[in-house]
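Just so you know, these numbers use all the heavy atoms, side chains as well, and skip hydrogens, waters and symmetry mates. Small disclaimer: the values here were computed from a predicted structure and weren't measured. Atoms within each ligand, like the ligands themselves, are counted from 1 in listed order.
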Amino acid sequence: MQPTALVEFVSSADPAAVLLLLALPFVCYWALCEWRSRKTRKSLPPSPFQLPLLGCLPFLDHKFPHLSFSKWADRLGKIYSCRMGTQLVVVLNEAQLIREAFAQPCFNGRPDMYTSRVTAQGNGISFAPDHLWQIHRKFALKTFKMLGIGRNVMEEKIHEEADRLVQLIAGFQGRPFCNKNAIRNGHEQRHLSRGVREEFPHGFRRVHGFYEQMNSVFRYFGVAGILNIFPGLIVVPAVRASFAKVTEALNSAAGYITEMFEHHLATSTRVWIRDYTDAFIEARLKEKVTEGSPKLFSDKQYVAAARELFLTGYESTTATTRWAFLYTSANPEVQKRVQEEIDHVVGRSRMPCYSDAKNMPYTQAVLCEVQRIACVGPMGVPHRATKDTELAGYRIPKDAWIFTNLWHVHRDSNVWQNSDSFIPERFLSADGLRLEVPKLFMPFSAGKRICPGESLAKVQIFSIFTTVLQNFRLSLVGQPDFEPINGITLDTKDHHMTAVAR
Ligand code: HEM
């Protein structure tokens, strides 16, 4: 066709046909590229059956979602994907794969979740923006180390808590008491004994109120959590009311924490760093000098970080301690062996210390088995992929949420023989003399986000557990009920027990 003929054709033809003709080579080119890239592009991990818009939500066990995630893991293997609403979630079900993923920075982001956005407002540790997270995680770890967590200084404070719990239990004089309330009260009393009584004119009522608020957060979070998937549901009265309860409790706890901060400001010597709050005040003053005003160590950051450390630390360690008492009361022969080990290594004249733990393999095996079987944080804390990447041969798109299926990791019957039975010996060497913790055991997760409270939790659980068993023989009243109750962590139900002095 001559150029003039082409011009004539274009000017006389239907404009739509011309456009179509011009677009055709581009469309063909795009289709070819797409076909080529699909051939080479990895697919998403396999999925369970899902519905449009809702994804897997209608098929999740509403009471215990981790059981559904675990059932799908049995069928789909170490990695699968699903949608919660329109959000893509990748679920990791095997310890080795979790370690492999979390060793890579691109798997260590956190989702931008509605509940944390509204409550922490970009502050705190777990859900803070990246730069703030790095600084405050490092700061918390450095402060814990400086305060002697895992060393003698901190242990003195934990001994106070254990001692108060022993006094509290002794007060029941062999009559039945509620395990749950006793451990909570022991913890609150220790909090009081650490000087809060002087700090707060309202004394115990104030501390008790603070813990009550913390419990409300856990109680109501279950319903409010749906807002992370469908933020629009805030208009539904029941969801709105639950979330209001959570924010009300968090605000009220913030009031308590602010009072504590002000008291520390007024009484800080700046020479003796008494605790996390004193260390925060120091860092704040330094930032003020260099930057003019505290931006990284702001008041809001203090409230969010301190509240989070209280909340996560308190709930997970007290729940684990309650499970430890439940399992050892339900298994008298295990309890007897722990007590024999305590008598042999510690005796009766002093309190057990964490430094005794290395000589107490059986007791440590019992506590590992409690953490494995109870798994208080069954789905960990969600991560987020920060870029398009790959894992185990599958495509993981940027912003996919990554769930750590710790429940499955610790209950997989292909990994743990008789996985639903309580068998502390699985953490001992064949001769029963040494503690052997397999790499498949990971209650504190792994990688850069691994729980920074691990050492503190281990010292606290060990000290309280061994001090109580050193003093009392525990027995359950009625049949043991191992079904958990679900909040942010899996906790024991209320159960009654008796404690006879040894
Ligand atoms: C038995 C006790 C505990 C268990 C089982 C536990 C478990 C966990 C798990 C599974 C995670 C998620 C890690 C991840 O994102 O992959 C986590 C994170 C965290 N835990 Fe713990 N934890 C315990 C005690 C504590 C204590 C005592 C504290 C504080 C004093 C604490 C503070 C935190 C914080 C701040 C994070 C967020 C870390 C980050 O995002 O970098 N935890 N914990």
Side-chain angles (χ1 to χ4, degrees), residues 66 91-92 95 97-105 107-111 113 116 120 123-145 147 149-150 154 157-158 161 183 187 191 214 275-277 279 301 304-324 367-368 370-385 401-410 441-465 484 488-492:
H66 61 275
V91 187
L92 309 182
L97 185 64
I98 292 170
R99 289 188 198 281
E100 184 193 325
F102 293 172
Q104 304 171 50
F107 282 105
N108 282 319
R110 288 278 192 224
M113 287 183 155
S116 49
N123 293 293
I125 302 175
S126 320
F127 284 88
D130 239 36
H131 72 289
L132 207 62
W133 164 66
Q134 283 183 11
I135 288 167
H136 281 280
R137 183 183 162 95
K138 218 164 146 188
F139 173 74
L141 282 168
K142 206 174 99 190
T143 308
F144 289 169
K145 202 167 165 200
L147 291 171
I149 283 178
M154 186 66 197
K157 294 177 180 166
I158 295 171
E161 177 174 349
I183 291 179
H187 195 83
H191 196 154
M214 289 305 187
D275 52 19
Y276 177 84
T277 308
Q301 172 59 21
R307 190 173 56 187
E308 189 183 324
L309 290 172
F310 262 124
L311 194 71
T312 47
Y314 159 70
E315 185 61 24
S316 43
T317 44
T318 51
T320 307
T321 315
R322 281 190 283 269
W323 282 113
L367 291 176
C368 286
V370 167
Q371 285 207 281
R372 182 196 71 81
I373 202 163
C375 196
V376 297
M379 296 304 292
V381 179
H383 288 220
R384 176 180 60 88
W401 292 1
I402 315 291
F403 281 7
T404 330
N405 193 347
L406 295 179
W407 178 266
H408 193 75
V409 164
H410 293 119
F441 177 66
M442 46 179 345
F444 297 97
S445 189
K448 288 248 180 295
R449 291 268 183 187
I450 192 171
C451 173
E454 178 175 355
S455 311
L456 174 60
K458 281 182 176 165
V459 180
Q460 202 159 3
I461 295 164
F462 175 86
S463 300
I464 293 177
F465 178 67
I488 293 178
T489 55
L490 292 183
D491 203 343
T492 65

Give the atom numbers and elements of ligand 1 that come within less than 4.0 Å of a heavy atom of [X].
{"X": "Glu308", "result": "35 (C)"}
{"X": "Thr320", "result": "1 (C)"}
{"X": "Arg137", "result": "38 (C), 39 (C), 41 (O)"}

Distance, nearest 0.5 Å, that separates [atom1] of [X] from [atom2] of [Y]:
{"X": "Gln460", "Y": "Thr321", "atom1": "CD", "atom2": "OG1", "answer": "7.0 Å"}
{"X": "His383", "Y": "Arg449", "atom1": "NE2", "atom2": "CZ", "answer": "6.5 Å"}
{"X": "Phe139", "Y": "Ile125", "atom1": "CZ", "atom2": "CD1", "answer": "9.5 Å"}
{"X": "Asn108", "Y": "Asp130", "atom1": "CG", "atom2": "CG", "answer": "9.0 Å"}
{"X": "Ser316", "Y": "Gln371", "atom1": "OG", "atom2": "CD", "answer": "9.0 Å"}

The side-chain hydrogen bond (donor to acceptor under 3.5 Å, both in side chains) partners of Glu454 (sequence neighbours excluded) come to Lys458

Close approach, [X] and ligand 1, non-hydrogen under 4.0 angstrom:
{"X": "Trp133", "value": "yes"}
{"X": "Lys448", "value": "no"}
{"X": "Gln371", "value": "yes"}
{"X": "Arg110", "value": "yes"}

The option among Leu406, Leu456, Thr489 carrying the non-hydrogen atom nearest to atom 30 (C) of ligand 1 is Leu456

Considering only non-hydrogen protein atoms, determine which one is nearest to [atom] and report residue, atom name and distance to 0.1 Å.
{"atom": "atom 13 (C) of ligand 1", "result": "Arg449 O, 3.2 Å"}
{"atom": "atom 10 (C) of ligand 1", "result": "Pro443 O, 3.5 Å"}
{"atom": "atom 37 (C) of ligand 1", "result": "Ser126 OG, 3.3 Å"}
{"atom": "atom 14 (C) of ligand 1", "result": "His383 NE2, 3.2 Å"}
{"atom": "atom 16 (O) of ligand 1", "result": "Ser445 OG, 2.6 Å"}
{"atom": "atom 12 (C) of ligand 1", "result": "Val381 CG2, 3.4 Å"}

Would you call [X] and [Y] a side-chain contact if the rule is heavy atoms closer than 4.5 Å?
{"X": "Phe107", "Y": "Leu92", "result": "no"}
{"X": "Trp323", "Y": "Ile373", "result": "no"}
{"X": "Val381", "Y": "Phe127", "result": "yes"}
{"X": "Trp407", "Y": "Leu490", "result": "yes"}

Residues passing the ring-ring contact (aromatic ring centres under 6.0 Å, His included) test with Phe462, sequence neighbours excluded, are Tyr354

Note, atom 21 (Fe) of ligand 1 has protein N, O or S atoms under 2.8 Å numbering 1

Considering all heavy atoms of both residues, which atom of Pro111 and which atom of Pro382 are nearest to each other, and what is their separation?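 Reported closest heavy-atom pair: CD-O, 3.4 Å.
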
Checklist line | Nitrogen or oxygen atoms of Thr317 and ligand 1 under 3.5 Å apart | finding: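 Among all N and O atoms of Thr317, none is under 3.5 Å from an N or O of ligand 1.
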
Note to self: I'd like to check the salt bridge (Lys or Arg N to Asp or Glu O under 4.0 Å) partners of Arg384; sequence neighbours left out, ordered by chain and number.
What the structure shows: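 Asp399.
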
